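Here is how names work: the chains are called A, B, and so on, in the same order as the sequence lines, proteins then strands, and each is numbered from 1. As the structure is a computational prediction, the values presented were derived from the model and not from experiment.
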Protein chains: 2
Amino acid sequence: MLSIGELSRKTGVKIPTIRYYEQMKLIAAPERSSGNQRRYSKTELDRLGFIKHARDLGLKIEDIRELLTLAAHPEQPCAQANQIAANHLGSVRAKIAQLQRLEAELARMAEGCSSGKIENCYVIESLSNHALCSESH
Amino acid sequence: MLSIGELSRKTGVKIPTIRYYEQMKLIAAPERSSGNQRRYSKTELDRLGFIKHARDLGLKIEDIRELLTLAAHPEQPCAQANQIAANHLGSVRAKIAQLQRLEAELARMAEGCSSGKIENCYVIESLSNHALCSESH
DNA sequence: GCTGTTAGCTATAGAAACTATAGCTTTTAC
DNA sequence: GTAAAAGCTATAGTTTCTATAGCTAACAGC
């Protein structure tokens, strides 16, 4: 049996976050000690590890909730789980593309300025005048 | 003089967001019509355009606030404005790198699964077992 | 000048995923 | 037995908006 602090250390999930997940019903309310403190077993350790891993990959809580439900039904087809992963992959790729456009724009801004006075600052000017942008964003 | 709706259409900033920026003091409280509706001039149009552009580039409100203050002092050196842009560029690059790691991991997960049953689903298995990951994330 | 539609007003709550605080109690190690 | 560390609940704050409710103003057509 693990205390909340031990669970936190083993999973890398912060204590208030564990309690938050309990409130959001991502994890079940665990047993309590005689003094009303939370006590966790291996089941919950594994489940929280799963959640942590999925969150690190940027999956949303609602997606994780669905994946956890799916994981609890091993006999069902896994097309849905794949769909969630594939969708997320799509949005990660979209975000990368978007950030790369911003990167180009910011690099142009930061490098185009010779650090003189504000009145000639290319950063400020670029922000004021969208026409200076090379691409859409 | 523009109504809030016209200002919104011209800048692409939604009406509640304009009011929110006013509350946050990013833009000054504008004149009012006799019936208490907001009326904007070109000054505010330009300022809101600047804010929109900066937000589209992912800059935080507090950074934008600082850039606006800098822009109001054309005689001052622009090293600070460059610093803000350069810092942001750094964090955009870091985020891209992080997302590319996730992308690799998710692609491996999604492609590794042959869409059978949950019990053999590579997506679910990968999330359960961090050891299956190729790299750190 | 009346009416109807569109636009705008304020104040408050909600979204997402936590994080921080206050004030109190339990556990644990010596 | 006691002191320090850990845990408890409940509530509010973070960030950048977005949505809702209930009301009022502006404007176009008749």
Heavy atoms under 4.0 Å, any strand shown: does A/Arg9 hit a base, just sugar-phosphate, or nothing?
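Touches nothing.
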
Reckon B/Arg55 touches a base, only the sugar-phosphate, or nothing at all at heavy-atom distances under 4.0 Å?
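Sugar-phosphate contact only.
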
Assigning hydrophobic clusters by single linkage (Ile, Leu, Val, Met, Phe, Trp, Tyr; side-chain heavy-atom cutoff under 4.5 Å), is B/Met24 placed with B/Ile27?
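They do share one cluster, since a chain of ILVMFWY contacts under 4.5 Å joins B/Met24 to B/Ile27.
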
Test A/Glu6 against A/Arg9 for salt bridge (charged side-chain N to carboxylate O under 4.0 Å, His left out), laying out the working first.
CA-CA 5 Å; A/Glu6 289 162 339; A/Arg9 255 168 274 127; 5.4 Å; no

Among C/dG8, D/dC17, D/dT9, which is the nearest nucleotide to the side chain of B/Ile61?
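Taking heavy atoms from C-beta onward, the closest nucleotide is D/dC17.
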
Of the listed nucleotides C/dT10, C/dG8, D/dC17, the one nearest the side chain of B/Arg38:
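Looking only at heavy atoms from C-beta outward on B/Arg38, the closest nucleotide is C/dT10.
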
Using a strict heavy-atom distance below 4.0 Å, which residues from residues 83-97 of chain A are in contact with DNA chain C?
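By residue number: none to list.
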
A side-chain contact here means heavy atoms from C-beta on lying under 4.5 Å apart; do [X] and [Y] qualify?
X	Y	value
A/Leu57	B/Leu127	yes
B/Tyr20	B/Leu26	no
B/Arg108	B/Tyr122	yes

I'd like a list of close polar pairs between nucleotides 19-21 of chain C and the protein, N/O only, cut-off under 3.5 Å.
residue	atom	partner	partner atom	Å
C/dT19	OP2	A/Thr17	OG1	3.1

Please list, pair by pair, any protein nitrogen or oxygen found under 3.5 Å from a nitrogen or oxygen in nucleotides 23-27 of chain C.
residue	atom	partner	partner atom	Å
C/dT27	OP1	A/Ser33	OG	2.8
C/dT27	OP1	A/Gly35	N	3.0

In whole Å, I'd like the distance from the CD1 atom of A/Ile51 to the C1' atom of C/dA17.
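In whole Å, C/dA17 C1' lies 13 Å from A/Ile51 CD1.
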
Is A/Arg47 paired with A/Glu44 through a side-chain N to carboxylate O contact shorter than 4.0 Å?
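Salt bridge flag = no for A/Arg47 with A/Glu44.
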
Applying salt bridge (charged side-chain N to carboxylate O under 4.0 Å, His left out), run through A/Glu22 and A/Arg19 and close with a yes or a no.
CA-CA 5 Å; A/Glu22 180 182 327; A/Arg19 291 196 277 243; over 6 Å; no

Taking atom CD of A/Glu31 as the centre, does the number of heavy atoms from other residues, nucleotides or ligands within less than 6.0 Å exceed 12?
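Not more than 12 within 6.0 Å, no.
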
